[in-house]
Trainee: 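Below: one structure in structure tokens.
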Amino acid sequence: MAEYQARRPQRPAKKKKRGGAVLLGFLLAALIILGAGYFYLSREIGGGSRPESVTVEIPQGSSTAAIAAILEEEGAIGNSLVFRAYSKYVAEADGTYQYGTFDLSPREGYDSIIADLQQIQQWEETVRVAFPEGYNAFQMGDALEEAGLCTREEFIEALNTHDFDVDFISEVSDDPLKLVKLDGFLFPATYEFFADEDVDSIILRMLRAFEENVLTEETLSALEDSGYTLEELVIFASIIQKEAANVEEMYNVSSVFTNRMAEGSPYPQLESCTTNNYIEDYITPYYDGNPPQEVLDAYDTYGKTGLPVGAIANPGLDAIDAALHPEKNTLGGTYYFFVTDVEYTHYYGRTYEEHLQNIEKAKAVNRQYGIEGLIS
């Protein structure tokens with residue numbers, strides 16, 4: 001049985017004195033640790049006793065992590081993790097680094113190294129390639145092949161099977177029914193590529209342009225409010241991009257499709273002609289005329305409810321904004337139908353009866369141009 005001897009309580013003065021000493025010691029230790037950490041970071045970021053000059057070779061398509069590892073191995077920096085954090089959060093330089101051979105001055109610190117690695121080697125031959133809004137991956141591949149950068153097949157294969165260092169990549173599904181995994185995330189713009197740039201570097205640039213231009217705080221906030229996933233937003237915007245003739249019509253088209261996808265909608269299928277065109281023009285040829293039925297079903301918006309499994313184009317910022325803000329439409333009511341004539345005039349209908357009347361209006365315009373029926 002344990003015994004507890006009776007002891008007189010310590011005098012308060014002595015207890016207080018001992019506690020003060022412990023606290024003082026703790027504060028001194030903390031100051032020493034913080035001071036040492038600050039001294040280390042200052043020397044690391046500022047250059048410290050690094051070599052005066054270091055030559056490094058940065059391969060095409062290198063991520064910041066890969067670049068940091070090369071710099072540490074060559075002695076240009078002392079800690080790759082510190083460099084990666086500084087690049088991302090302080091310099092905000094991720095995605096701006098170039099490839100090639102660089103003569104660095106490590107003693108001048110991280111800012112000097114980053115500035116040097118951002119310099120394009122102007123003497124190298126470059127090729128300008130324009131990707132209009134609404135181009136899909138196959139059309140982009142054709143443009144790259146025409147520019148002599150890669151073949152269409154190489155481009156599509158890389159989009160489907162290669163890994164890319166962008167933060168949003170985990171939000172892109174690996175659904176086997178998708179024709180091109182990264183279609184919709186390739187930001188349409190005019191790019192200047194190196195003549196010998198490899199396909200992964202080309203794609204990485206386009207993905208990072210999407211990240212920079214699309215994934216802004218404003219868009220991400222609207223995306224959260226919308227209830228869509230990032231991939232659903234891209235798919236929806238790609239259909240709007242292909243269906244609408246101008247920016248104003250994008251919001252109107254978005255409103256119609258949003259009404260169709262709403263809970264309790266009497267017309268839950270999107271019935272978008274552009275998805276059928278994608279099936280006919282790209283899915284069927286991709287499978288040599290005999291695509292699997294499950295792939296057809298996944299893209300057929302006349303047969304399935306809601307969005308297709310993948311994007312049918314790479315949308316621009318206006319189409320993305322329209323997908324997020326259907327309330328900006330100019331229709332003034334709840335519409336479920338629209339049809340377009342050869343002059344790209346859109347006719348909107350609330351009911352199927354109104355839609356049939358609009359079809360006849362569109363056909364009448366088309367006949368003036370020698371076209372029988374509707375355009376798709």
Side-chain angles (χ1 to χ4, degrees), residues 131-137 166-173 175 178 180-189 206-265 267-275 278 298-299 301 304-338 340 344 346 348 350:
F131 302 116
E133 297 175 355
Y135 260 30
N136 60 43
V166 287
D167 291 340
F168 67 85
I169 202 70
S170 61
E171 300 182 58
V172 182
S173 75
D175 195 314
K178 288 169 65 176
V180 183
K181 176 183 176 181
L182 293 177
D183 217 352
F185 297 91
L186 306 169
F187 190 70
M206 300 169 76
L207 295 175
R208 287 178 173 166
F210 175 90
E211 191 170 47
E212 177 183 352
N213 290 278
V214 176
L215 302 185
T216 62
E217 290 185 12
E218 180 181 359
T219 300
L220 291 175
S221 176
L223 176 60
E224 185 175 358
D225 293 339
S226 74
Y228 294 124
T229 65
L230 177 60
E231 184 158 53
E232 288 170 342
L233 170 64
V234 167
I235 294 170
F236 188 20
S238 75
I239 296 174
I240 294 170
Q241 182 76 60
K242 299 300 290 184
E243 288 279 12
N246 54 54
V247 174
E248 178 182 326
E249 299 298 354
M250 287 181 181
Y251 292 94
N252 295 338
V253 167
S254 175
S255 175
V256 170
F257 286 140
T258 300
N259 290 337
R260 280 180 168 257
M261 289 189 291
E263 186 176 354
S265 165
Y267 306 102
Q269 288 83 22
L270 294 184
E271 298 185 351
S272 168
C273 292
T274 59
T275 58
Y278 185 77
Y299 280 92
T301 59
K304 73 184 300 291
T305 60
L307 297 167
V309 69
I312 61 172
N314 291 279
L317 295 177
D318 290 323
I320 288 171
D321 189 70
L324 291 170
H325 301 287
E327 74 279 0
K328 293 182 181 180
N329 72 84
T330 60
L331 298 177
T334 303
Y335 288 77
Y336 292 100
F337 302 91
F338 69 89
T340 310
Y344 296 103
H346 289 60
Y348 296 90
R350 297 179 180 87

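The figures that follow rest on heavy atoms only: side chains count, while hydrogens, waters and symmetry mates do not.
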Trainee: Say whether, by atom type as modelled, one donor and one acceptor occur between the side chain of N314 and the main chain of G134 under 3.5 angstrom.
Mentor: no

Trainee: Check the pair L331 / V256 against side-chain contact (heavy atoms from CB on, under 4.5 Å), numbers first and verdict last.
Mentor: CA-CA 10 Å; L331 298 177; V256 170; 4.3 Å; yes

Trainee: Is T305 reaching over with its side chain to a backbone N or O of Q269, donor-acceptor style, under 3.5 angstrom?
Mentor: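 Looks like no, no N/O pair under 3.5 Å.
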
Trainee: Is the positively charged end of R208 above the ring of F187, judged by distance under 6.0 angstrom from the centroid and angle within 45° of the axis?
Mentor: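 No, R208 does not sit over the ring of F187.
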
Trainee: I'd like to know if the side chain of Q241 reaches the main chain of G316, judged simply by a donor and an acceptor atom lying under 3.5 Å from each other, with no hydrogens or angles considered.
Mentor: yes

Trainee: Are the side chains of L270 and T275 in contact, using a 4.5 Å heavy-atom criterion?
Mentor: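 No - every pair of side-chain heavy atoms lies 4.5 Å or more apart.
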
Trainee: Hey, what do you get for CG (N259) to CZ (F337), rounding to the nearest 0.5 Å?
Mentor: 11.0 Å

Trainee: Should L207 and F185 count as side-chain neighbours, where that means a heavy-atom distance under 4.5 Å?
Mentor: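 Contact flag for L207/F185 side chains = yes.
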
Trainee: Does R260 use its side chain to pair, donor to acceptor, with the backbone of P268 at less than 3.5 Å?
Mentor: no

Trainee: Going by atom types alone, do S255 and T258 pair a side-chain donor with an acceptor below 3.5 Å?
Mentor: no

Trainee: May I ask you to decide if N329's main-chain N or O and N252's side chain share a donor-acceptor pair within less than 3.5 Å?
Mentor: no

Trainee: Just verifying a value: how many Å separate Y228 OH and L324 CG, rounded to the nearest 0.5 Å?
Mentor: 8.0 Å

Trainee: Looking at CG of D318 and CD1 of I240, how far apart are the two atoms once the value is rounded to the nearest 0.5 Å?
Mentor: 11.0 Å

Trainee: Less than 4.0 angstrom from a charged side-chain N to a carboxylate O is my criterion; do K328 and D321 meet it?
Mentor: yes

Trainee: Quick one: does any side-chain atom of E224 pair with a main-chain N or O of S221 as donor and acceptor, under 3.5 Å?
Mentor: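 A pair under 3.5 Å: no.
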
Trainee: Would you please indicate yes or no on a ring centroid separation below 6.0 angstrom for Y278 and Y299?
Mentor: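 Ring centres of Y278 and Y299 closer than 6.0 Å.
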
Trainee: Work out which heavy atom in G184 is nearest to a heavy atom in P315; give both atom names and the distance.
Mentor: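 So the minimum-distance heavy-atom pair works out to O-CD, 3.7 Å.
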
Trainee: Taking the side chain from S238 and the backbone from I235, do they hold a donor-acceptor pair closer than 3.5 Å?
Mentor: yes

Trainee: Just verifying a value: how many Å separate Y335 OH and Y348 OH, rounded to the nearest 0.5 Å?
Mentor: 10.5 Å

Trainee: Short question: side chain of D183, backbone of N136 - any donor-acceptor pair under 3.5 Å?
Mentor: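 No.
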
Trainee: About how many Å separate CE of M261 and CD of E232, when rounded to the nearest 0.5 Å?
Mentor: 8.5 Å

Trainee: To the closest 0.5 Å, what do you measure between CZ (F236) and CZ (F257)?
Mentor: 7.0 Å

Trainee: So, does E243 use its side chain to make a donor-acceptor pair with the main chain of S272 at under 3.5 Å?
Mentor: no

Trainee: Do the side chains of E231 and V172 get nearer than 4.5 Å, heavy atoms only?
Mentor: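 Result yes, sub-4.5 Å side-chain heavy-atom pair found.
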
Trainee: Compute whether any side-chain donor of one residue and acceptor of the other, for Y336 and E271, lie under 3.5 angstrom apart.
Mentor: no

Trainee: Compute the ring centroids of F168 and F210, then answer whether they are less than 6.0 Å apart.
Mentor: yes

Trainee: Check for a donor-acceptor pair, side chain of H346 on one end and backbone N or O of Y344 on the other, with a separation under 3.5 Å.
Mentor: yes

